[in-house]
Chemist: 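The structure under discussion is supplied below as structure tokens; questions concerning it will follow.
Each chain gets a letter, A, B and so on, in the order the sequences are listed, and its residues count up from 1. Values below: every heavy atom of this structure, side chains too, minus hydrogens, waters and symmetry copies.
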There are 2 protein chains.
Amino acid sequence: MKEKKNSINDIANSLGVSKTLVSMVINNRGDEYGISKITQKKVWKKVKEVDYKPNLMARSLRLGKSNTIGLIVSDISNSFYSKIARNIERYAEAKGYNLIICSTDEDIPREIRLINMLKDRQVDGIIISSSQKDSAEFDLLIKDKYPFVLIDRYIPGLETNYVGVDNIKGTYDALMHLIKQGYDKIAVFAITPTYITPINDRIVGYMKALMDSGLNYNKNLLKEIPYNNIKHAVKDELKKLLLPKNKINAIFAINNSIAISCIEYFNEMHIKIPEDVALLSFDDIDLFKLTIPTITSVQQPIEEICKQAIDILENQINKNNSNSKYKMQKIILPTNLKIRRSTIV
Amino acid sequence: MKEKKNSINDIANSLGVSKTLVSMVINNRGDEYGISKITQKKVWKKVKEVDYKPNLMARSLRLGKSNTIGLIVSDISNSFYSKIARNIERYAEAKGYNLIICSTDEDIPREIRLINMLKDRQVDGIIISSSQKDSAEFDLLIKDKYPFVLIDRYIPGLETNYVGVDNIKGTYDALMHLIKQGYDKIAVFAITPTYITPINDRIVGYMKALMDSGLNYNKNLLKEIPYNNIKHAVKDELKKLLLPKNKINAIFAINNSIAISCIEYFNEMHIKIPEDVALLSFDDIDLFKLTIPTITSVQQPIEEICKQAIDILENQINKNNSNSKYKMQKIILPTNLKIRRSTIV
DNA sequence: ATGAAAGCGCTAACAC
DNA sequence: GTGTTAGCGCTTTCAT
């Protein structure tokens, strides 16, 4: 059997004082409550002696606060989200929170189960990059005044806390760069479901750039790749798209996973970047600095996203306790275009 | 204020039954306790109606089991560990556990704090890739009969649950491949602290392969790179090492981070792999399939490591409750050499 | 300067 | 078939 840990009661009994007193002391409120210095010393001595550790579970139950927050993303093993996780962990820790991390695999029912699981576990708040299509689940959270903040992806029509980047402008600028380099037949590889807002916004940015440049948008140049079969779908589409008659001279990969599959295919087929076709991606990952050639991409300010998300969440959590107004915050951060060899003639 | 959630008491009162009964029913033990079907129906109806969710915090406190496990690694944003995390999450979930993930940054005091934090939070068990040098902290866990399993890294002299790979043989085989390809002046880039067991074992495997092949080991060919400054240190060492007079024809990178920095340097300096110098790495990551040339590496069976770790941990947790003997398990899995272009003449 | 008692929400032993 | 009671470990109000 696991050794029974000593509780505040054991300390109190072995010292012949009340557990109230012990509680006061170990929470550093001895002076506040006027416990004599000498008694405080006695308590601390015993605490060290038996290596007493308060049971945070019990404390949480009593206080109605778990000092834990939940993070939900589509896949923690994706480079982008693991960087997000690391930064959220860092900022959360600074504020005394621990992190429960969950991956949804873009599965909506699963995401809903995870949200409920986190609530059942009494996490103090949730940070989520949601795959959901509508706001139903979040409306419930809002009704319950449950603290949460969306990151990366937002839900159309839902007024709530959100931290993300300007995907339209980020994409627009990147495409303008591409066009300025002389590329005029640019295909885009999006990912389904396209109702995911950043994906949709990137498509919008793409179209906008084409139009403003007098290139006409051709819907045959927009390929939708299913999330669960990226690798094969990308290759199939590329094979068809890159036939000489199509004269495609650049590809915009809407996220890092798509770009990776493109690179894989280009390598296999000995297709030269950017001579045969240029490549531009969203989401800057380490890999893009290591391939030959290096890959131009739109970088998101991950640190800043995480910092803001935690700040907002913490405010929300504390505001709840102080009964003041539940005010939503939307933060849209700028992206940063990293121009590398894959788009330079 | 956050809405007060309704508790088992509210259900009981509004139905005019005892909370015991409600508890029995919602735990699906109504039949077992002989609660009439009709009462059970009544309870379930009410539960749906008010959307009652049991407070897992309270349940955990009562049951002395949190259904949470902790995962400690050096850095969750490292590709290798994020893959580990994803797989641990998957297998843990299948057994009803959630995951609290922590990164240590190879900081030992920090790691100790994290272990204690997890204990305080009453996690049921810990899975850890430890940076610790000695067994002191783990001796304490063992004394407390606290379930834990080491993965990836073990602590010399500590008899405990462990799941990892045969680093010596994995490296030995990889080096033999390299030597068979004709490379005879092979430098190794290790990482400090070298007391980390897999690193040390890989060095051993390297030396063994050299000796068995009649190549003499030269300690100038072993470079130690500090964990917190990999990029610069690798470049500095490479610059010196690759001078023509040294005649180095192959580099063994002891983990993926080192390999990444090597590739970066090679690209910058237009050094050709494998013509100018061959490159072999430990830890297969996606990136190695995408670079030009592709990189040969020693692959660890991540899925299997995670599955075994969870199985052992779960056994340990349950064994504790059943008072039977605390038996340790050591699992050493084979690696898989992925031969790619970076080592083929 | 300290303690008694109540209660957070839940489960389980034991009644009836 | 169902209810009473005790208690998991903690904090807090109210006494003294």
Chemist: Whether the side chain of Thr20(B) and the base of dT11(C) hold a donor-acceptor pair under 3.5 Å is what I'd like checked.
Modeler: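 Per atom types, no contact qualifies.
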Chemist: Compare the minimum distances between each of dC10(D), dG9(C), dT13(D) and the side chain of Leu61(B), then state the nucleotide with the smallest one.
Modeler: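 Closest nucleotide to the Leu61(B) side chain: dG9(C).
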Chemist: Would you classify Leu21(B) as touching base, sugar-phosphate or nothing, given that sugar-phosphate means primed atoms plus P, OP1 and OP2, and contacts are heavy atoms under 4.0 Å?
Modeler: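 The answer is sugar-phosphate, as Leu21(B) gets under 4.0 Å only of primed atoms, P, OP1 or OP2.
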Chemist: Would you mind telling me which of Lys330(A), Gln308(A), Gln316(A), Gln329(A) makes a side-chain hydrogen bond (donor to acceptor under 3.5 Å, both in side chains) with Asn161(A)?
Modeler: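 Filter result, single survivor: Gln316(A).
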Chemist: Under the 3.5 angstrom rule, does the side chain of Arg121(B) hit a backbone N or O of Ser66(A) as a donor-acceptor pair?
Modeler: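 Between the backbone of Ser66(A) and the side chain of Arg121(B) there is a qualifying donor-acceptor contact (under 3.5 Å).
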Chemist: Ignoring backbone atoms, establish whether Asn55(A) has a side-chain N or O less than 4.0 Å from OP1 or OP2 of dC8(D).
Modeler: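 Negative; the distance criterion is not met.
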Chemist: Taking NZ, NE, NH1 and NH2 as the nitrogens, is one of them in Lys143(B) or Asp139(B) under 4.0 Å from a carboxylate oxygen of the other?
Modeler: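 Looking at Lys143(B) and Asp139(B), the cut-off is not met.
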Chemist: Atom CD of Glu32(A) to atom C1' of dT2(C): distance rounded to whole Å?
Modeler: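 Checked: the CD to C1' distance equals 15 Å.
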Chemist: Assess whether a salt bridge exists between Arg110(B) and Glu93(A), defined as any Lys/Arg side-chain N lying under 4.0 Å from an Asp/Glu carboxylate O.
Modeler: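 Salt bridge between Arg110(B) and Glu93(A), a charged N being under 4.0 Å from a carboxylate O: yes.
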Chemist: Nearest heavy atom decides the nucleotide; on that basis, is Lys37(B) or Lys19(B) closer to the 5' end of DNA chain D?
Modeler: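 Its nucleotide being nearer the 5' end, the pick is Lys37(B).
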Chemist: Just to be sure I understand the rule, does Ser36(B) reach a base, reach only the sugar-phosphate, or reach nothing, if contact means heavy atoms closer than 4.0 Å?
Modeler: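 Touches sugar-phosphate only.
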Chemist: Do the side-chain N or O atoms of Tyr33(B) get closer than 4.0 angstrom to the phosphate oxygens (OP1, OP2) of dA15(C)?
Modeler: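 Checking dA15(C) against Tyr33(B), no side-chain N or O comes under 4.0 Å of OP1 or OP2.
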Chemist: With a 4.0 Å cut-off on heavy atoms, is Gly30(A) in touch with a base, just the backbone sugar-phosphate, or nothing at all?
Modeler: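 Nothing, no heavy atom under 4.0 Å.
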Chemist: Between dT2(C) atom C1' and Gln40(A) atom CD, what is the distance in whole Å?
Modeler: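 Atom CD in Gln40(A) sits about 12 Å away from atom C1' in dT2(C).
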Chemist: Compare side-chain N and O positions of Arg62(B) against OP1 and OP2 of dG9(C) and report whether any pair is under 4.0 Å apart.
Modeler: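 Checking dG9(C) against Arg62(B), no side-chain N or O comes under 4.0 Å of OP1 or OP2.
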Chemist: Nearest whole Å is fine: how far is dG9(C) P from Leu63(B) CG?
Modeler: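 About 17 Å, once rounded to whole Å.
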Chemist: Just call it for Thr39(A): base, sugar-phosphate, or nothing, with non-hydrogen atoms closer than 4.0 Å on any strand.
Modeler: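 Contact class for Thr39(A): sugar-phosphate only.
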Chemist: Report the relative orientation of the aromatic rings in Phe148(A) and Phe138(A); use parallel for angles under 30°, tilted for 30 to 60°, perpendicular for over 60°.
Modeler: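 Parallel: the ring planes of Phe148(A) and Phe138(A) meet at under 30°.
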Chemist: In whole Å, what is the span from the CG atom of Asn9(B) to the C1' atom of dT5(D)?
Modeler: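 Going from CG in Asn9(B) over to C1' in dT5(D) covers 13 Å.
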Chemist: Quickly work out the Asp120(B) CG to dG9(D) C1' distance and round it to whole Å.
Modeler: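 Going from CG in Asp120(B) over to C1' in dG9(D) covers 13 Å.
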Chemist: Please report, rounded to the nearest Å, how far the C1' atom of dC8(C) is from the CZ atom of Arg121(A).
Modeler: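 One finds 18 Å between C1' of dC8(C) and CZ of Arg121(A), rounded.
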Chemist: In whole Å, I'd like the distance from the CD1 atom of Ile11(B) to the C1' atom of dT11(C).
Modeler: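 Ile11(B) atom CD1 is separated from dT11(C) atom C1' by 16 Å.
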Chemist: Is Lys19(B) paired with Asp10(B) through a side-chain N to carboxylate O contact shorter than 4.0 Å?
Modeler: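 So Asp10(B) does not pair with Lys19(B) through a salt bridge.
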Chemist: Just compare dT11(C), dC10(D), dC10(C) and give me whichever is closest to any side-chain atom of Tyr52(A).
Modeler: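 Selected nucleotide: dC10(D).
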Chemist: Given atom CG of Asn27(B) and atom C1' of dT11(C), what is their separation to the nearest angstrom?
Modeler: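 In whole Å, dT11(C) C1' lies 8 Å from Asn27(B) CG.
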Chemist: Can you identify which nucleotide, out of dC10(C), dA12(C), dG9(D), has its nearest atom closest to the Arg29(B) side chain?
Modeler: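 When the side chain of Arg29(B) is considered, dA12(C) is the closest of dC10(C), dA12(C), dG9(D).
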Chemist: If you only use heavy atoms from C-beta on, which nucleotide in dG3(C), dC10(D), dC10(C) is closest to the side chain of Met24(A)?
Modeler: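 My answer, after comparing the listed nucleotides, is dG3(C).
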